[in-house]
Every structure is written in structure tokens, then in C-alpha cells.
Amino acid sequence: MAETRFGSCTLCEALCGLEFQVDSGRVLSIKGDTRDPLSRGHICPKGVALQDIHEGDRLRTPVRKTDGGWEEISWDDAFDLVVDRLAAIRDEHGRNAVGVYLGNPTVHSLGALTHGTTFLSLLRTRNRFSATSVDQLPHQLVASLMFGHQFLIPIPDIDRTDFFLVIGANPMVSNGSIMTVPDFARRRAELRERGGRMVVVDPRRTETAKIADEHHFIRPGTDAALLLAMVKVVLEKVEGYDEVRDIVEPITVEWAESITGVRGIRELAQDFQAADTAVAYGRTGVSTQAHGAVCQWAIQVLNLITGNLDRPGGAMFTKPAVDLLRLTSAGGRDRWRSSVRGLSEFAGELPVAALAEEIGGIRAMVVSAGNPVLSTPDGRKLDKALATLDFMVAIDPKINETTKHADVILPPTTALERDHYDLVFHALAVRNTTKFSPALFPKPATSRHDWEIFRELGLRYAKRFRDKWFKAQLLRLSPTRIVDLLLRTGSHHLSINKLKKHPHGLDLGPLTPRGLEKIEIAPKFLADAAREVATMPVPQGLLLIGRRHLRANNSWMNDLPRLTKGKARNHLLMHPDDLKARSLSDGDTVKIRSAAGEVTVAVTATEDLMPGVVSLPHGYAAASANDLTDPAVLDVSGNAVLNGVPVTVSAA
């Protein structure tokens with residue numbers, strides 16, 4: 001008999017509430033939950049695709065690579081094999097001979113966070129990498145240096161602002177990102193209805209730019225010049241902030257306009273300053289460029305000096321039911337460095353752009369929920385490097401471009417088979433809400449949850465090295481029990497049982513002022529980096545940027561018919577004038593070359609791109625923007641430079 005159940009989508013940062021119709025262990029339908037206080041009925045195609053992930057082709061038992069192909073083995077044998085090999089490599093080559101890579105889905109799984117990160121800490125290796133350094137590392141670095149904690153990140157109070165400045169972000173497709181904001185289209189409409197204004201700055205006329213009041217094209221990689229010029233204009237009518245004045249002194253509006261291609265920078269800054277409330281927000285477009293950390297710093301400085309930091313309608317801080325700051329490190333930097341280039345760690349991780357070159361010293365890899373061959377710089381180089389490892393284990397339900405190199409794959413259950421409470425994105429949302437989603441279906445008898453996999457590996461590994469620390473942890477508890485303890489000791493004094501009585505979630509109210517005790521407005525590391533912006537040359541030639549699709553999810557879900565049907569999306573976008581200058585036409589097959597490599601792909605003409613800019617998505621096996629990304633070029637934070645990559649385009 002069919003029944004209605006409620007839960008949350010765990011595929012991106014939006015936390016969309018879902019209403020399921022299920023019968024006899026099968027999903028009949030998925031739609032948005034109109035009573036969810038944050039998403040308010042919003043759903044995107046990825047949420048519906050949860051059914052395909054659950055029912056589709058995936059591993060359900062461990063497999064081992066043999067000369068004859070993949071072979072199923074028991075869980076006990078798999079755990080023993082993994083622990084034996086990791087321990088042997090540590091004994092022979094030292095603990096740093098084991099490397100770790102965590103993919104983006106890690107933060108969308110409760111068990112991976114409660115148990116996976118602790119197991120990986122047990123390995124005691126300095127060679128830890130993740131998707132952070134091809135994504136949001138500048139956000140975390142700036143928050144750590146300015147506000148004292150890497151996750152004390154200001155969030156736009158979009159529901160109350162009068163002026164929303166969006167730089168290098170596309171929330172119509174991403175649903176926010178480091179600004180959990182499902183139902184963005186309606187929130188944008190509400191902004192307009194109350195007389196507010198949205199301005200978008202982006203090299204592409206994105207889905208968000210198309211519904212903005214104003215859109216400015218900008219040359220990729222030059223956003224720091226724009227932002228520092230805006231800061232300087234604002235300081236003309238603001239007293240104090242001498243340390244910032246010194247940094248922006250060489251910047252002029254005229255110079256910034258010549259570098260960026262943006263006209264009206266002074267007027268934009270003055271309008272932002274004059275608004276009753278305003279907030280600036282930048283995302284991957286600014287984080288994944290040569291001055292990503294400076295961009296994120298300048299955005300917060302702009303919010304601060306206009307009086308819009310920590311106030312309603314500006315950039316505010318959340319008050320989640322589980323305090324993420326209590327569970328994570330503040331984010332120390334440069335406590336050790338990579339062995340080849342001497343790149344600094346941040347929060348215990350090295351830049352993933354260094355992973356391929358570090359393999360050699362790294363003899364074994366633990367890869368969890370990630371596909372770095374498709375999602376990190378120069379994936380082809382990494383592909384070759386992974387093939388040289390002595391051993392690799394992957395915690396993943398799929399055989400993909402990365403996990404094909406594993407000696408053992410341990411497949412976890414998927415989202416509909418496990419309980420979920422979001423520890424991360426409630427702390428980055430535009431409104432304080434909380435929700436517990438029980439598993440929709442019981443796990444199959446032959447399957448293991450990710451936390452069970454990590455727990456068993458951890459217990460066996462700890463026993464091997466007589467590590468009493470691990471046994472003393474709460475990891476003998478389930479993730480749900482751990483969350484219950486965290487809720488009970490949190491500021492809202494909740495519990496799992498209380499949340500179960502509210503299957504749509506609980507609204508904890510709008511963001512409220514935090515009252516920061518100390519702000520380091522110009523940390524020396526960021527100030528030194530910002531001073532370098534004044535020497536930025538005018539970009540020349542074609543510059544490559546990425547793009548995000550509503551029906552894609554980074555390097556995975558590109559094999560689901562529900563999401564891949566319709567027109568092909570993995571093609572190069574190029575302005576008609578740039579095509580004509582190279583004797584190319586719409587639909588031609590072209591070759592794109594960069595310092596890192598080349599790919600061949602079809603090209604599509606569009607005036608939605610600034611002339612001189614081309615756009616290719618990442619995460620596709622056939623032709624990916626990351627095959628053109630140079631791992632040698634990094635932002636000062638250690639983040640990879642994925643936007644503003646110099647390329648040439650010619651007939652294939």
C-alpha cells in the first residue's frame with residue numbers, strides 16, 4: 001500500500017525538502033515538500049533523480065581487482081585486505097606514504113562526517129586532499145583569518161536585503177553554494193516586489209544574470225581589481241580603516257575599468273553604499289581564479305565598511321541547532337608543506353593540485369566519495385599517477401575514472417537507505433532551520449552504511465597499531481545517536497525525538513546579529529596578496545571559464561538517463577565574433593589548447609558570453625575543463641585556478 005514519507009535531498013547544498021510516495025520498497029514519485037520551512041516546495045531535477053541513484057546500476061558488495069577483472073568478496077575479507085595493505089605500507093614507508101582524498105559528497109553524508117573523518121585522522125598522514133581546494137578554500141581561509149574560524153562565513157540575508165550584488169555566482173542553478181538558498185527564483189522575485197535590486201557581475205550571462213536588474217560582463221580573473229576599486233570608492237565617504245586605505249591606495253577606478261572591461265564601477269559602488277541594506281556575495285567564479293582569496297577578502301571588506309556586516313539585510317552568521325564551529329578546527333595554515341613544491345597546508349589538507357606529483361612518496365591512497373581524475377587539475381596526469389600506486393581503496397558505489405584504479409572498492413548505501421541530518425549546510429543557510437530525515441528504506445542485508453565501513457576499518461586499524469584513542473571515541477555510536485547528543489547540548493536544546501515529530505523540519509527563525517568580538521580586517525597574509533593586484537596586467541587572448549548545469553552534479557550523475565536526456569551540454573560556448581575571427585562556425589568540432597593539455601569538443605555560438613571568453617563545463621570524461629587546468633597555477637590560498645585559463649581554439 002502506498003504511503004507518503006518526507007525527507008531531504010542530499011545531492012547539493014540546498015537542503016530541499018522532499019515528499020516521497022513509496023510502496024513495497026519502491027519509489028513511486030518524488031516532489032518538493034511545500035511545508036519545508038527553508039525550501040518551501042522547491043525541487044530541481046537532481047532531487048527527482050534520487051530514485052535513479054537508488055534503483056540504478058551500482059555496487060552493493062565489495063569487489064577486488066584481479067587479473068581477470070573485478071571479483072566480489074565478503075565484507076570481512078575486504079576489511080582485512082584493506083587494513084593489511086595500509087598497515088604494511090605504513091610500516092615500510094611511514095604514515096605519510098598513505099594519502100587520502102575526500103570528494104564533495106562527503107559533506108552530504110552524515111556517516112561520512114561522523115565516522116569517516118575520524119577514521120582518516122587515525123591514519124595520521126599529512127597527505128590529505130579534498131575537493132575543498134578546487135572549490136571554496138578562499139572562503140574558509142578568509143573566514144579563518146578575519147573572523148577566527150574557517151566556518152564563520154558570513155551569509156547573505158537575501159530575504160531582507162535591498163541590494164544584492166552577485167559576483168561570479170549562479171544561484172539559479174547552484175541553489176546558492178556557501179549560501180544555502182533553495183527556491184532562489186521566488187526569493188529573487190520577493191526582492192523585486194519589495195523594491196530591491198539585484199546586480200550580477202559575470203563573464204557569462206548566466207541563468208541568474210538573465211533575471212537580474214543589471215548584468216556586467218567582466219574579464220575572467222580580474223574581479224579583484226573591480227572589488228578593490230569599489231572598496232576605494234566607498235572609503236571616500238567613510239572614516240577610519242586606514243590599513244585598508246593603504247592597501248587600495250594604488251588602485252584607481254579608471255585602471256580597474258580598463259583591466260576588467262566593466263564600466264560604471266564608481267556608480268556601482270556608490271549605489272551599493274547608498275542602499276538601506278546591501279550584501280555582496282561571490283562564489284566559485286571568484287574563488288577559483290588567480291586572486292580568489294583577495295576577492296573573498298574584498299567582498300567581506302565591502303560588506304563591513306558599508307555597515308552591512310552582521311546586520312539584517314546584510315552579511316550575517318547562522319545559529320544552527322548543531323554548532324559546526326564546535327566540531328571543526330579553526331583552520332590553521334602552513335604547519336607543514338607538500339614535499340615537491342612546498343605548498344602550504346590549510347586545516348590539515350594540502351592543495352589537491354599537488355596530488356599527482358606527490359604520488360611516489362605516497363604509495364597508497366584512500367579515496368572516499370570522489371572522482372579527482374575528472375574534478376581536479378590536469379586529470380590525465382593524475383590518472384597516470386594513480387596507476388603507479390602500490391595500493392588503493394575506494395569507498396564508492398561506482399566504478400568510475402578514479403575508482404577503476406582501486407584494488408578494493410567498498411560500496412556504501414545511498415541516500416534513501418540511511419538517516420540524514422545535515423551538519424554543514426544548516427550552518428551556511430539563509431535562514432535558521434533544522435531537520436532530521438530517517439532512512440526511506442532499510443539497507444539490504446548485504447550492504448553497509450558508510451559509517452559502518454569506516455567504523456570497521458577504524459577498529460581493525462586501531463587494533464593493529466594499539467591505538468586506544470580511536471576506541472575511546474563515540475564512533476561505537478551510530479551517527480543518529482551522535483547527532484542526538486549534539487542537538488541536546490546545542491543552543492536550541494533539541495533532540496532526534498523532537499525532530500521526528502516535525503517531519504517537514506523546524507523553523508528556528510531568521511538570521512540574527514552575532515556581535516563579533518574581534519575582526520581582523522586586514523590580516524597581513526591577505527593584505528600582501530591584495531597589494532599584488534595593482535600589478536595585474538590586462539588579460540590577453542581567449543580565457544576559459546567553467547559553467548554549472550542544473551542537471552549535473554560535478555563529476556558524477558552524468559550517467560543517469562533522467563538527467564542526461566535532451567540536448568548535449570558538454571560543449572564549448574563561444575561568442576560569434578570570436579568564432580568568425582578564427583574562421584569557425586556554430587556546431588564545428590574544435591580543439592582547445594592550454595598550457596596543461598588539449599581537448600576536442602563541439603562549439604556553440606552565443607552572445608551570452610563576453611567576447612574573448614569561452615566556457616566549458618568540468619566533470620565530463622570525454623572533454624573536461626579540468627583537462628585544460630594547469631596544476632602549477634594556484635591562488636595564494638592553494639586553491640586551483642579554474643577560471644581565466646588562457647587557451648587557444650582552432651578547427652579540429
Side-chain angles (χ1 to χ4, degrees), residues 8-9 12-17 32-44 139 152-167 169-200 207-209 211-214 271-272 274-283 299-300 302-304 306-321 324 422 424-435 491-492 502 504-516:
S8 293
C9 182
C12 79
E13 301 180 34
L15 306 182
C16 292
D33 179 5
T34 58
R35 296 172 63 185
D36 185 287
L38 183 63
S39 63
R40 309 184 298 188
H42 175 77
I43 188 173
C44 85
H139 286 269
L152 198 54
I153 299 174
I155 306 302
D157 187 14
I158 186 174
D159 290 338
R160 292 180 289 185
T161 197
D162 298 297
F163 193 120
F164 188 33
L165 176 60
V166 180
I167 307 175
N170 190 8
M172 275 294 291
V173 169
S174 68
N175 293 307
S177 190
I178 315 295
M179 175 188 67
T180 294
V181 56
D183 196 20
F184 179 81
R186 196 189 330 175
R187 284 180 157 93
R188 190 278 174 270
E190 291 166 352
L191 170 64
R192 176 180 284 131
E193 288 168 3
R194 61 177 181 267
R197 179 179 172 195
M198 183 171 78
V199 176
V200 173
E207 293 82 353
T208 302
I211 64 167
D213 297 291
E214 194 174 304
D271 289 352
F272 187 88
D276 289 341
T277 60
V279 61
Y281 162 72
R283 192 50 194 99
I299 284 169
Q300 298 313 329
L302 190 61
N303 288 327
L304 174 61
T306 56
N308 286 298
L309 184 69
D310 200 28
R311 66 173 288 210
M316 304 191 73
F317 301 92
T318 59
K319 188 180 180 182
L324 184 62
D422 204 291
V424 175
F425 297 110
H426 284 305
L428 300 173
V430 297
R431 189 173 182 87
N432 293 310
T433 64
T434 187
K435 184 176 184 179
S491 59
H492 296 277
H502 299 274
H504 308 284
L506 273 177
D507 184 12
L508 303 176
L511 307 183
T512 56
R514 185 183 183 93
L516 293 172

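Atom set for the values below is all heavy atoms of this structure, side chains included, hydrogens, waters and symmetry mates excluded. When a residue number appears, it is its place in the shown sequence, counting from 1.
Annotation: the span from Ile211 atom CD1 to Met172 atom CE amounts to 4.5 Å, rounded to 0.5 Å. Going from atom OH of Tyr281 over to atom CD1 of Ile167 covers 11.5 Å, rounded to the nearest 0.5 Å. The CG atom of Asp422 sits 9.5 Å away from atom OG1 of Thr434, with the distance rounded to the nearest 0.5 Å. Atoms CZ and CE, on Phe184 and Met198 in that order, are 4.5 Å from each other to the nearest 0.5 Å. Leu324 contributes atom CG, which lies 8.0 Å from atom OG1 of Thr318 (distance to the nearest 0.5 angstrom). Leu165 CG to Thr306 OG1: the interatomic distance, rounded to the nearest 0.5 Å, is 10.5 Å.
Contact check for Cys9 versus Ile43: no side-chain heavy atoms found under the 4.5 Å cut-off. You'll find the side chain of Pro510 stays beyond 4.5 Å of the side chain of Asp159, heavy atoms only. Within the 4.5 Å cutoff, the side chain of Pro513 has heavy atoms near those of the Asp310 side chain. Side-chain contact between Asp507 and Thr433 is present, with heavy atoms from C-beta onward closer than 4.5 Å. In this structure the side chain of Met179 reaches within 4.5 angstrom of the side chain of Pro171, judged on heavy atoms. Proximity of Arg431 to Pro37: side-chain heavy atoms (C-beta onward) are nowhere separated by under 4.5 Å. Two residues are said to be in side-chain contact when any heavy atoms from C-beta on lie closer than 4.5 Å; Thr208 and Asn170 meet this criterion. Put simply, the side chain of Leu516 reaches to within 4.5 Å of the side chain of Phe317, judged on heavy atoms.
Scanning all heavy atoms of the two residues, the minimum distance from Ala209 to Val200 falls at CB-CG1, 3.9 Å. What you find for His42 and Asp183 is that their closest heavy atoms are CG-N, 3.4 Å. Among all heavy-atom pairs drawn from Ala315 and Asn303, the shortest one is CB-ND2, 3.7 Å. Heavy-atom minimum distance, Ser39 versus Pro182: CA-CG, 3.5 Å. A pairwise comparison of heavy atoms in Val181 and Gly176 identifies CG1-CA, 3.3 Å as the closest pair. Pairing each heavy atom of Arg283 with each of Ser177, the nearest pair is NE-OG, 2.6 Å.
Each of Asp213, Asp271, Thr161 was checked for a side-chain hydrogen bond (donor to acceptor under 3.5 Å, both in side chains) with Arg197, and the lone residue meeting it is Asp271. With respect to Thr180, the side-chain contact (heavy atoms from CB on, under 4.5 Å) criterion is satisfied by exactly one of Asn175, Val430, Leu38: Leu38.
Under the side chain to side chain donor-acceptor pair (under 3.5 Å) criterion, Asp276 pairs with no residue, sequence neighbours left out. For the side chain to side chain donor-acceptor pair (under 3.5 Å) test, residues two or more places apart in sequence or in another chain that qualify with Arg35 are His504. With sequence neighbours excluded, the residues that form a side chain to side chain donor-acceptor pair (under 3.5 Å) with Arg160 are Asp157.
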Should Lys319 and Leu511 be marked as a side chain to side chain contact (heavy atoms under 4.5 Å, CB included) after you check the CA-CA gap, both sets of side-chain angles, and the distance that decides it?
-> CA-CA 7 Å; Lys319 188 180 180 182; Leu511 307 183; over 6 Å; no
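Counting only N and O atoms by type, the side chains of Thr277 and Asp162 include a donor and acceptor under 3.5 Å apart.
Using a cutoff of 4.0 Å between basic side-chain nitrogens and carboxylate oxygens, Asp36 and Lys435 are scored as salt-bridged.
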